[in-house]
Colleague: 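Structure below; questions to follow.
Sequence lines set the chain letters: A, B, ... in the order given, protein chains first and strands last, and positions in each chain run from 1.
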Number of protein chains: 2
Amino acid sequence: MAQSDTVDRILDAAEELFADRGFSETSLRMITSKAKVNLAAVNYHFGSKNALIHAVFARFLTPFSATLETAFDELEERCDGKPPTLNQTLWALTESAVRMPQRNEKGISIFMRLLGLAYTQSQGHLRKFLEQEYGDPFSRFMRLLKEATPQLSSVDRYWRIQFMLGATAFTMSSSDALRDILQNKLGVETTIQEIAARLVPFLAAGMQAEDKMLIPLPDSQTPVA
Amino acid sequence: MAQSDTVDRILDAAEELFADRGFSETSLRMITSKAKVNLAAVNYHFGSKNALIHAVFARFLTPFSATLETAFDELEERCDGKPPTLNQTLWALTESAVRMPQRNEKGISIFMRLLGLAYTQSQGHLRKFLEQEYGDPFSRFMRLLKEATPQLSSVDRYWRIQFMLGATAFTMSSSDALRDILQNKLGVETTIQEIAARLVPFLAAGMQAEDKMLIPLPDSQTPVA
DNA sequence: CAGGCTTTCAAACGTATGTTTCAAACAGAC
DNA sequence: GTCTGTTTGAAACATACGTTTGAAAGCCTG
């Protein structure tokens, strides 16, 4: 065994269990027994459960953010001064995610599911960690989105970005389950690339929707401007 | 005090704490101390923590699903045989949610956050409970969506519905946090009605997007038809 | 006001958690 | 081989959890 095969085994087990069950619902004993290492190994190698969570994120987010920066570099160079289009920007992100080297066939959906958890179950420490470590490529993505949608107000853009993130994280986080359902119901095979190919135009269309809707509230409640 | 003021106080406290922190992260001791009732009261009145979770959902989901059925009835009657449009269908749902009688000013966002949690943190028992109790209006909503988008293939529709659910559940499940961020960043106040007013056209546009995208994968990977 | 049923209360139970301890096993350098 | 620092191991720690208990208090009916 390599010197710190233990560390990787813990990370592998933790990653999968976190993605399956969430953070609080996954105990160190589950992790260590799945990883076939001693319970104390987590605190020895990582210091605490929270630090382990950070390490799980860092392991895939660090190479991913590097890939993403490169993709953005290439894109901006290719556009030669002009701001990349919305489709190009979304696609640069999607392609970076899909083409990341995977540890196994479940890699990409675990990756997405973890991102979704980070958003929805974030316990303060995680959000702070992610913001601090990976805020830069995220900000850059935001800037590109902004330049690709100059017609939107800041507030509109903000919310539509949230909608995009939601559709993406949610779909990807359960893409295995959704794929199975589709297989059983309609007998259709679907690859993660195909899901992406359907998702991107959905997002682009939503992002570029014409109007904010006027809410017709017949009585009670104040209508929204 | 009314006879079972205790029950309502527990439900109120539980609802708010669940929405703030999630299910596993909220202990019975937090709930009972916030509600100012004895710890044993939860198990006495509800039987278990899981049953309390179900009761919290039932309290707002039962009247909501009734409201929703009525809204769908009215919509279908108004359309007089012709299938309602996508916008009408989405709006019937949104309006039913927004116009539910609220116990307090935070009511609607708690409501939404709980729905988001139900989707993202569902622990089996909850999903089963919701499916059993409220599967009917959900199926009806799905049927309306199908009739409103006859141009879509079953597979396309399936995935786009997932995208819609994702954007909605995800956004709503963290809408308070997102609102705060927006408040700090841009100094803008946002109501839940405004979020809905932005979300619906986003979803409608995405749902009706023209094309599935052709994926340009420069090398490796097989392009998608 | 007496009786029986319901509700509250403080305390304890058993279990599971994250973390710590300290001795044993191991690794590589001299 | 011996010595050093690192890693593993079994066990225990303290704490928090959901749940149960059994007695006290409250309430309503007769």
Colleague: Scan nucleotides 20-26 of chain D nucleotide by nucleotide, 5' to 3', and note B when protein non-hydrogen atoms come under 4.0 Å of the base, S if they reach only the sugar-phosphate, - if neither.
Modeller: BB-----

Colleague: Roughly how many Å is it from CZ in A/Arg21 to P in C/dA16, rounded to a whole number?
Modeller: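 The distance from CZ of A/Arg21 to P of C/dA16 comes to 13 Å, rounded to the nearest Å.
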
Colleague: Would you mind reading off the distance between B/Arg9 atom CZ and C/dT8 atom P, rounded to a whole angstrom?
Modeller: 9 Å

Colleague: Would you jot down, in residue-number order, the residues of residues 51-60 of chain B having a non-hydrogen atom under 4.0 Å from DNA chain C?
Modeller: none

Colleague: Which pairs count as side-chain hydrogen bond (donor to acceptor under 3.5 Å, both in side chains) when at least one residue sits in residues 32-43 of chain B, sequence neighbours excluded?
Modeller: none

Colleague: Could you work out, with side chain to side chain contact (heavy atoms under 4.5 Å, CB included) as the rule, every residue matching A/Leu11, not counting sequence neighbours?
Modeller: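 Expected list: A/Val7, A/Asp8, A/Phe46, A/Leu52, A/Ala55, A/Val56, A/Arg59.
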
Colleague: Is it true that the side chains of B/Thr6 and B/Tyr44 contain a donor and an acceptor less than 3.5 Å apart?
Modeller: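 Short answer, no.
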
Colleague: In whole Å, what is the span from the CG atom of B/Leu28 to the P atom of C/dA16?
Modeller: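 Atom-to-atom, B/Leu28 to C/dA16, this comes out as 17 Å.
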
Colleague: Measuring to OP1 and OP2 of D/dG18, would you say a side-chain N or O of B/Ser48 lies under 4.0 angstrom away?
Modeller: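 No, B/Ser48 has no side-chain N/O under 4.0 Å of OP1/OP2 on D/dG18.
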
Colleague: Give the rounded distance in Å between these two atoms: CD1 of B/Ile31 and P of D/dA16.
Modeller: 17 Å

Colleague: If you assign each of A/Ala41 and B/Asn50 to its closest nucleotide in DNA chain D, which residue comes earlier from the 5' end?
Modeller: A/Ala41

Colleague: Looking only at side-chain atoms of B/His45, point me to the closest of C/dT19, C/dT7, D/dT7.
Modeller: C/dT7

Colleague: Just the rounded figure in Å: distance from C1' of D/dA16 to CD of B/Glu25.
Modeller: 14 Å

Colleague: With sequence neighbours excluded, tell me which residues meet salt bridge (Lys or Arg N to Asp or Glu O under 4.0 Å) with B/Arg157.
Modeller: none

Colleague: May I ask you to decide if the ring planes of A/Phe129 and A/His54 are parallel, tilted or perpendicular, using 30° and 60° as cut-offs?
Modeller: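 Plane angle under 30°, so parallel.
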
Colleague: Check the distance between D/dC13's P and A/Arg29's CZ and give it to me in whole angstrom.
Modeller: 14 Å

Colleague: How large an angle, rounded to 10°, do the end axes of the helix from C/dG4-D/dC27 to C/dC30-D/dG1 enclose when each is built from five base pairs?
Modeller: 10°

Colleague: C/dT17 phosphate, OP1 or OP2: any side-chain N/O from A/Ser27 under 4.0 angstrom?
Modeller: yes

Colleague: I need the full list of salt bridge (Lys or Arg N to Asp or Glu O under 4.0 Å) pairs touching residues 37-55 of chain B, with sequence neighbours left out, sorted by first then second residue.
Modeller: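 Every candidate salt bridge (Lys or Arg N to Asp or Glu O under 4.0 Å) pair involving residues 37-55 of chain B fails, so no pair, neighbours aside, qualifies.
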
Colleague: Across the strands shown, which category fits A/Thr26 at heavy-atom distances under 4.0 angstrom: base, sugar-phosphate, nothing?
Modeller: sugar-phosphate

Colleague: For B/Thr94, enumerate each residue passing the side chain to side chain contact (heavy atoms under 4.5 Å, CB included) test, keeping only those at least two apart in sequence or located in another chain.
Modeller: B/Trp91, B/Val98, B/Ala196, B/Val200

Colleague: Could you tell me which residues satisfy side chain to side chain contact (heavy atoms under 4.5 Å, CB included) with B/Arg140, sequence neighbours excluded, listed by chain and number?
Modeller: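 By the side chain to side chain contact (heavy atoms under 4.5 Å, CB included) rule, B/Arg140 matches B/Glu69, B/Phe72, B/Asp73, B/Glu76, B/Arg143.
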
Colleague: For B/Leu75, check side chain to side chain contact (heavy atoms under 4.5 Å, CB included) against everything at least two apart and list the hits.
Modeller: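 Applying side chain to side chain contact (heavy atoms under 4.5 Å, CB included) to B/Leu75 gives B/Arg78, B/Cys79, B/Pro84, B/Gln88, B/Thr89, B/Ala92.
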
Colleague: Who passes salt bridge (Lys or Arg N to Asp or Glu O under 4.0 Å) against B/Glu74, sequence neighbours left out?
Modeller: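 With sequence neighbours excluded, B/Glu74 shows a salt bridge (Lys or Arg N to Asp or Glu O under 4.0 Å) to no residue whatsoever.
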
Colleague: Could I get the full list of salt bridge (Lys or Arg N to Asp or Glu O under 4.0 Å) partners for A/Arg29, not counting sequence neighbours?
Modeller: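 Expected list: none.
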
